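Quick notes on the structure that follows.
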Amino acid sequence: MNRTLLLVTTPLVAVVASYALHSTSPTPMTQATPKASDPKPLKDAFRGKLLIGTAVGTHVLQGQDPATEKLVRRHFNALTAENAMKPDAIQPREGEFTFADADRLVAMAKQSRAAVVGHTLVWHSQTPRWFFEGKDGQPVTREVALARMRNHIKTVVGRYKGRIREWDVVNEAINDGPGVLRDSPWRRAIGDDYIAEAFRAAHEADPKAILVYNDYNIELDYKRPKALELLKKLVDQKVPIHGVGIQAHWRMPNLPLAETERAIKEFSALGLKVKITELDLGVLPTRYQGADISRTEGMTPEQAAVMNPYTKGLPDEVAQQHAEKYREAFELFLRHRNVVDRVTLWGPHDGNSWLDNFPVRGRTDHPLLFDRDLKPKAAFFAVQRAAQAVSR
């Protein structure tokens, strides 16, 4: 996620009026679901149905959090680099590649017999300015920018040829406002065809890798037509694209499941696999749904009791509602398991979720399947039961 945030100080009290779910006073989390100190691994429940993945942070890769590493190894069979494979981490300066953390993820996955998802090669965020600027600070030519992009992809994908199952080749290129494509630095430097060129370069570097376009809100009615237009154009041009990633950064209580089902059907009709790439279900109120990391909302001290009510844990009522929404989501994914072949949660447990600081900084969210003590939540057991109810 981008570290550059735009502060918006508009009061958020109006959000709460329509968010009755969060009127409950915070109490220590209880578990109405049967407890298990060492439940069956999640990946075993989904074996033969779909890959179940998580994003792995650098603190885990660097050995600073062995408890989380143990959780990751036990429950997940698809590992995505949360930040370790983004351009600023891999090539902070031209020609200076830093692969240590990425290498650790690949090694961890091999030891755990998990697939690796490379995230991400081309993105407007967390990409050093040198990709687009000359020594004089002026914009480089199309030829220079294209050569730098190709070299980055060739070097990174080539290093892990045969070891990384799939790549998020291009991330978040579709515009939220008018027009199809975001006016990103890549687009300004190269042109609209930078997306096709990135996929071609990745395919050349590893012809057997699964290549994915990844974005947020492309399941929603306002953005899905733009995604379909872009993807159809790539398919028609015979660009080597194999899948589309729906990030699914969703918020309680209203999940866009009907829109997501339409998106799955329409994307797969193009011949593409569908991946759920960054799933989390936030429980805190906010106006915004999605993952545009330039968006931030303010919270005054007076608003904290309403906007950040669960600092001591989730009340059982909310935990059960959260579990029910997770169940509904996974039942949808499993219903389309012929085309949805991977679901990745964006983080192993609540204690390292990015939503604690997005879109409001300094809150305590509870969006994942394991709590801050790394214990399975009601949502975990709901998801596990959804998997067990489906025959292969």
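Excluded from the calculations below are hydrogen atoms, water molecules and symmetry mates; all remaining heavy atoms, backbone and side chain alike, are included. Just so you know, these numbers come straight off a predicted model, no measurement behind them.
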Can you see whether [X] engages [Y] through a side-chain donor-acceptor pair at a distance of less than 3.5 angstrom?
{"X": "Asp168", "Y": "Tyr213", "answer": "no"}
{"X": "Glu219", "Y": "Gln247", "answer": "no"}
{"X": "Asp103", "Y": "Tyr160", "answer": "yes"}
{"X": "Asp176", "Y": "Tyr216", "answer": "yes"}
{"X": "Gln126", "Y": "Asn83", "answer": "yes"}
{"X": "Arg342", "Y": "Thr344", "answer": "yes"}

Tell me if the centroids of the rings in [X] and [Y] come within less than 6.0 Å of each other.
{"X": "His242", "Y": "Trp167", "value": "no"}
{"X": "Tyr326", "Y": "His322", "value": "yes"}
{"X": "His75", "Y": "Phe370", "value": "yes"}

Open item on the list: Assigning hydrophobic clusters by single linkage (Ile, Leu, Val, Met, Phe, Trp, Tyr; side-chain heavy-atom cutoff under 4.5 Å), is Leu257 placed with Val383?
Closed with: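 Both belong to a single hydrophobic cluster.
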
TODO: Would you kindly confirm whether Phe267 and Val170 end up in one hydrophobic cluster when ILVMFWY residues are joined by side chain heavy atoms under 4.5 Å apart?
DONE: yes

Going by the angle between their ring planes, with limits at 30° and 60°, are [X] and [Y] parallel, tilted or perpendicular?
{"X": "Phe330", "Y": "Phe333", "value": "perpendicular"}
{"X": "Tyr194", "Y": "Trp186", "value": "parallel"}
{"X": "Phe97", "Y": "His152", "value": "parallel"}

Open item on the list: A cation-pi test, strictly: NZ or CZ of Arg159 under 6.0 Å from the centre of the six-membered ring of Phe99 and no more than 45 degrees from its axis. Yes or no?
Closed with: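 Checked: cation-pi criterion met.
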
Open item on the list: For Arg224, give me all partners under side-chain hydrogen bond (donor to acceptor under 3.5 Å, both in side chains), at least two apart in sequence or on another chain.
Closed with: Asp221, Glu266

Task: Set of side-chain hydrogen bond (donor to acceptor under 3.5 Å, both in side chains) partners for Asn308, sequence neighbours left out - done: none

TODO: Going by the side chain to side chain contact (heavy atoms under 4.5 Å, CB included) test, name the single residue among Val212, Ile264, Thr260 that passes it with Val274.
DONE: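 Of all the options given, the one that passes is Ile264.
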
Task: Residue among Lys232, Lys238, Lys233 satisfying salt bridge (Lys or Arg N to Asp or Glu O under 4.0 Å) with Asp236 - done: Lys232

